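Structure first, commentary second.
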Amino acid sequence: MAADIRLSDAIARVKPSATIAVTTKANEMKRQGLDVIGLGAGEPDFDTPENIKEAAIRAMREGKTKYTPSDGIPELKEAIVAKFARENGLTYKPSQVNVSPGGKAVLFNAFMATLNAGDEVVIPAPYWVSYPEMVLLCGATPVAVPCGADTAYKLSPEKLEAAITPKTKWLILNSPSNPTGAAYTGAELKALADVLLRHPQVWILTDDMYEHLVYDGFEYKTIAQVEPALYDRTLTMNGVSKAYAMTGWRIGYAAGPEKLIGAMRKVMDQSTSNPCSISQWASVEALNGPQDFLPVFRAAYAKRRNLMVDGLNQAAGIVCPKPEGAFYVYPSCAGLIGKKTAGGAVIDSDKTFAAELLEQEKVAIVFGEAFGLPETFRISYATSDAALTEALVRIQRFCASLS
Ligand SMILES: Cc1ncc(COP(=O)(O)O)c(C=O)c1O
């Protein structure tokens with residue numbers, strides 16, 4: 001009999017990533033020769049800008065290919081300090097900066113460094129799939145707070161107040177949001193900050209990954225900027241993956257109080273060590289170099305967002321709000337629940353809707369339950385206009401075929 005390994009209790013608590021599962025399934029179907037349109041992956045379809053690639057090549061030629069300090073080279077920390085000052089009006093010292101192998105690793109290192117059994121982490125839902133799973137992996141308790149379309153998928157001060165207990169350690173804010181694209185205005189953040197000021201035990205982890213992807217002149221703000229009294233208990237996290245089309249390079253970063261940053265470095269010292277040295281030099285160029293491609297990316301995404309919102313609202317039974325940012329739309333499919341496909345299958349959930357849409361029309365989306373809000377789904381529009389146009393034809397046809 002083959003030997004079997006007993007897995008850890010920690011891993012038993014964790015679900016696999018639904019977004020990675022959808023992407024894997026869509027890619028598998030493509031390999032079988034099926035004409036699948038993948039709208040599951042949260043990844044820019046643009047290539048990394050040339051000046052950033054050149055910086056990486058230069059770094060390699062110059063032999064910058066060795067270990068670096070675990071939480072980042074001084075040059076990148078300086079570039080991050082300058083970015084926070086320039087774009088967010090936030091003052092940090094390099095000793096307050098962490099660089100990790102991707103935004104995901106920043107979050108994981110922060111949780112690993114701070115969470116204990118019994119600690120609670122407040123997570124507005126719909127949420128990015130990895131937040132609750134990371135909290136569980138670190139032995140703490142995620143507390144999802146449903147924030148539906150009625151509040152534009154945003155956390156209200158009342159809901160925040162009701163979710164906080166003496167055990168609350170962190171609140172996670174993510175603006176613009178993955179999966180909904182919703183972004184908080186300065187006034188909305190200030191209203192949340194007023195609640196947080198009454199609860200000094202709560203720390204704030206703000207995931208600003210999609211900061212640069214906001215449309216229609218939306219004025220981006222982050223919470224430590226809006227309420228400086230929260231600066232000492234906020235970890236402001238960001239990264240190069242989404243804005244600079246650098247998902248594969250694996251660089252994320254954050255700034256916050258030195259004690260927290262030091263604990264995160266200790267996690268890295270004893271686990272991953274430094275993020276790739278070459279990627280760090282490329283990120284110095286991303287942050288310090290020309291930023292002129294950002295409006296180009298932004299304009300392309302804004303156009304696609306409008307295309308998707310209009311097209312989805314024309315599909316029978318679907319209601320799609322217009323998000324402020326990111327590259328996702330997050331429609332409701334509540335109007336389709338209970339309907340039947342031409343083949344007789346009952347659409348009893350968003351999960352069945354997504355499965356039938358993939359099966360019948362070869363369009364891959366991610367069902368809303370994965371993000372903690374059923375009867376909804378997420379579409380990533382970071383793909384070509386032609387693919388999006390064809391996807392809309394298929395989605396509209398599928399919805400019209402339901403009875
Ligand atoms: C909200 C949010 N935070 C963090 C990340 C992680 O980014 P990275 O690829 O840099 O790990 C993602 C990526 O999907 C995201 O959507």
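Atoms within each ligand, like the ligands themselves, are counted from 1 in listed order. Note that this is a predicted model, so its numbers are computed, not measured.
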Checklist entry - In this structure, which one of Phe293, Phe297, Phe327 forms a ring-ring contact (aromatic ring centres under 6.0 Å, His included) with Phe46? => result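 Between Phe46 and the candidates, ring-ring contact (aromatic ring centres under 6.0 Å, His included) is satisfied uniquely by Phe297.
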Solution key, residues 363-377 side-chain donor-acceptor pairs under 3.5 Å, sequence neighbours excluded:
from: Thr376; atom 1: OG1; to: Tyr330; atom 2: OH; distance (Å): 2.8
from: Thr376; atom 1: OG1; to: Leu373; atom 2: O; distance (Å): 2.5

Next on the checklist: I need the full list of salt bridge (Lys or Arg N to Asp or Glu O under 4.0 Å) pairs touching residues 217-232, with sequence neighbours left out, sorted by first then second residue.
Outcome noted: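 Passing the test, one end in residues 217-232: Lys190-Glu227, Glu219-Lys221.
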Checklist entry - Looking at residues at least two apart in the chain, or sitting in another chain, which of them share a side chain to side chain contact (heavy atoms under 4.5 Å, CB included) with Pro74? => result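 Partners of Pro74 by the side chain to side chain contact (heavy atoms under 4.5 Å, CB included) criterion come out as none, since no residue qualifies.
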Item to check | Cationic N near anionic O, under 4.0 Å, Glu390 to Arg394 | outcome: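 Salt bridge between Glu390 and Arg394, a charged N being under 4.0 Å from a carboxylate O: yes.
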Checklist entry - Can Lys83 and Glu78 be counted as an ion pair, charged N to O under 4.0 angstrom? => result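 Salt bridge flag = no for Glu78 with Lys83.
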Note every protein N or O atom lying under 3.5 Å from an N or O atom of ligand 1, pairing the names and giving the distance.
from: ligand 1; atom 1: 3 (N); to: Asp207; atom 2: OD1; distance (Å): 3.4
from: ligand 1; atom 1: 3 (N); to: Asp207; atom 2: OD2; distance (Å): 2.5
from: ligand 1; atom 1: 9 (O); to: Ser241; atom 2: OG; distance (Å): 3.4
from: ligand 1; atom 1: 9 (O); to: Arg250; atom 2: NH1; distance (Å): 2.9
from: ligand 1; atom 1: 10 (O); to: Gly103; atom 2: N; distance (Å): 2.7
from: ligand 1; atom 1: 10 (O); to: Ser241; atom 2: OG; distance (Å): 2.6
from: ligand 1; atom 1: 11 (O); to: Gly103; atom 2: N; distance (Å): 3.1
from: ligand 1; atom 1: 11 (O); to: Lys104; atom 2: N; distance (Å): 2.9
from: ligand 1; atom 1: 11 (O); to: Arg250; atom 2: NH2; distance (Å): 2.7
from: ligand 1; atom 1: 14 (O); to: Lys242; atom 2: NZ; distance (Å): 2.7
from: ligand 1; atom 1: 16 (O); to: Asn178; atom 2: ND2; distance (Å): 2.7
from: ligand 1; atom 1: 16 (O); to: Tyr210; atom 2: OH; distance (Å): 2.7

